[in-house]
Amino acid sequence: MPELPDVETFRKYLSVTSLHKKVAKVHIPGKKLLKGLSATTLRRHLKGRKLVDTARHGKYLFAATDRGDWLVLHFGMTGKLKYYMNKEKEPAHTRLLLVFRNGYHLAYDDQRKLGTISLVRDMNGFIKRRELGPDALRIDPEAFRDSMGGKRGSVKAALMDQHTISGIGNVYADEILYQAGVNPESSLEDLEDSDIDRIYRNMMKVLNKAIDCRADPECLPDTYLIPSREKGGVCPECGEELERTQVSGRTTYFCPCRQGA
DNA sequence: AGTACCACCTGACGGC
DNA sequence: TGCCGTCAGGTGGTAC
């Protein structure tokens with residue numbers, strides 16, 4: 001489930017593998033994922049071009065062409081990138097395929113087709129039009145306090161709301177609140193400033209650590225919740241069985257001891 | 001401004 | 001064996 005750390009990992013991957021190489025061919029088997037443009041238009045803007053820069057905002061990955069267009073990828077639930085030489089390595093659900101002149105391929109694979117592909121001239125205009133909140137890694141404590149302040153509803157819903165802050169999804173919301181010792185169902189109105197600050201610090205800690213780990217759960221410290229985030233899982237700290245509930249319509253795991261019952 | 005629910009989409013899994 | 005319901009979860013739309 002690609003959230004901010006996964007998308008940042010994809011961004012670095014794309015940067016290392018695919019920049020400054022001429023695009024010889026463009027295949028678009030996943031036309032349904034295109035948003036606001038035709039396959040013909042996308043192909044015309046990518047073919048013969050090079051990707052020269054990358055950026056990320058929340059869960060969106062941007063890649064600039066040498067003509068100043070930005071390819072915009074959202075990874076939905078199951079999206080990923082793969083760079084490879086031999087055709088037999090092509091992922092099973094490739095929706096967009098760039099073939100470089102050097103014979104390598106960059107595939108955007110998305111089994112469940114919940115991702116989106118678009119192309120824009122103005123990256124910041126895109127972020128504005130989508131009304132995305134500030135990127136979770138580039139928000140300062142004051143702005144974070146402001147964005148959480150004056151809101152009602154659960155703290156988990158606010159963390160996952162891309163209009164409030166961009167980048168956090170279901171899994172990392174659980175981890176951040178676990179690390180902060182805050183119950184995911186807590187109403188924002190009931191939290192003190194000190195709670196909000198603690199959530200902020202743990203948000204930064206968790207996202208940066210996950211990026212260090214290339215979003216691989218196996219690599220996370222053994223004090224993290226994510227590897228135990230399954231039925232019958234226990235709290236890595238106290239050994240209590242984790243509580244499994246629904247918050248804001250999403251499956252939620254938390255420790256009844258550390259985060260209140 | 002919230003929430004609750006549905007739809008999109010596919011594959012895995014459990015029950016019978 | 002094989003069919004069927006359920007679940008996973010990012011986003012967006014609608015109704016309340």
Side-chain angles (χ1 to χ4, degrees), chain A residues 1-11 28-37 56-62 72-82 90-96 107-118 120 126-136 146-178 183-191 203 206-207 210 215 217 225-233 242-254:
Chain A
M1 358 76 267
E3 303 183 29
L4 188 153
D6 309 83
V7 179
E8 178 63 12
T9 304
F10 296 150
R11 187 193 66 76
I28 313 174
K31 294 189 177 46
K32 284 195 70 171
L33 304 203
L34 297 181
K35 282 281 151 8
L37 79 169
R56 182 192 54 73
H57 188 99
K59 302 174 190 174
Y60 287 88
L61 172 60
F62 299 85
V72 188
L73 298 178
H74 190 284
F75 294 88
M77 262 293 301
T78 53
K80 56 180 187 287
L81 295 178
K82 187 167 181 187
E90 179 177 328
H93 316 283
T94 296
R95 311 301 180 192
L96 172 64
Y108 164 86
D109 180 273
D110 183 15
Q111 179 198 114
R112 290 184 200 173
K113 301 181 181 175
L114 295 174
T116 57
I117 303 168
S118 34
V120 298
F126 174 87
I127 291 164
K128 250 195 177 130
R129 281 198 302 282
R130 304 306 302 262
E131 299 181 319
L132 296 174
D135 184 85
D146 287 348
S147 63
M148 291 289 155
K151 285 176 73 80
R152 293 183 288 119
S154 72
V155 61
K156 179 168 177 179
L159 278 181
M160 289 196 304
D161 179 359
Q162 304 302 299
H163 305 298
T164 305
I165 334 167
S166 271
I168 298 167
N170 195 35
V171 171
Y172 284 98
D174 278 3
E175 185 68 63
I176 290 162
L177 293 171
Y178 173 80
N183 188 295
E185 288 187 86
S186 307
S187 162
L188 278 173
E189 297 161 301
D190 296 339
L191 294 181
M203 173 175 82
V206 166
L207 295 177
L225 173 77
I226 287 175
S228 307
R229 211 181 156 284
E230 58 191 13
K231 271 187 185 152
L242 296 172
E243 199 93 17
R244 183 180 190 270
T245 57
Q246 298 280 117
V247 177
S248 184
R250 305 283 157 184
T251 302
T252 297
Y253 290 87
F254 69 97

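In what follows, chains are A, B, ... by sequence order, proteins preceding strands, each numbered from 1. The model shown is predicted, which means the values in this text are computed figures rather than measured ones. Hydrogens, waters and symmetry mates are skipped; everything else that's a heavy atom, side chains included, is used.
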Euclidean distance, atom CE of residue A:M77 to atom P of B:dA12 [Å, nearest integer]: 13 Å

Atom-pair distance (NZ on A:K113; P on B:dA7), nearest Å: 18 Å

Salt bridge flag under 4.0 Å for residues A:D174 and A:R229: yes

Sugar-phosphate only, base, or nothing, as touched by A:S248 at under 4.0 Å among non-hydrogen atoms: nothing

C:dT11 phosphate, OP1 or OP2, under 4.0 Å from A:Q162 side-chain N/O: yes

Whole-Å gap separating P (B:dG2) and CZ (A:R152): 6 Å

Earlier contact from the 5' end, DNA chain C, for A:K231 and A:G169: A:K231

Separation of B:dA1 P from A:E131 CD (nearest whole Å): 11 Å

Min side-chain heavy-atom separation A:R95-A:I28 under 4.5 Å: no

Any A:R112 side-chain nitrogen or oxygen under 4.0 Å from OP1 or OP2 of B:dA7: no

Full working for side chain to side chain contact (heavy atoms under 4.5 Å, CB included) between A:D109 and A:E90: CA-CA 9 Å; A:D109 180 273; A:E90 179 177 328; over 6 Å; no

Touch class at under 4.0 angstrom, heavy-atom based, for A:G249 against every strand present: nothing

d(NE2, A:H163; C1', B:dT3) in whole Å: 15 Å

Protein-nucleotide distance (A:L4, atom CG; C:dG9, atom P), rounded to Å: 18 Å

B:dG2 to C:dG9 separation - P atoms, rounded to the nearest Å: 24 Å

Distance below 4.0 Å between A:T78 side-chain N/O and C:dG9 OP1 or OP2: no

Protein-nucleotide distance (A:F75, atom CZ; B:dT10, atom C1'), rounded to Å: 19 Å

A:K151 vs B:dG2: side-chain N/O to OP1/OP2 distance below 4.0 Å: yes

Nearest-Å distance for atom pair CD/C1', residues A:Q111 and B:dG11: 6 Å

Touch class at under 4.0 angstrom, heavy-atom based, for A:R229 against every strand present: sugar-phosphate

Side-chain N,O (A:H74) to OP1/OP2 (C:dT11) below 4.0 Å: yes

Heavy-atom donor-acceptor pair, A:R250 side-chain to C:dT11 base, under 3.5 Å: yes

Side chain to side chain donor-acceptor pair (under 3.5 Å) partner of A:N170, chosen from A:K156, A:E3, A:R250: A:K156

Plane angle bin for A:Y108 and A:F75 - parallel if under 30°, tilted between 30 and 60°, otherwise perpendicular: tilted

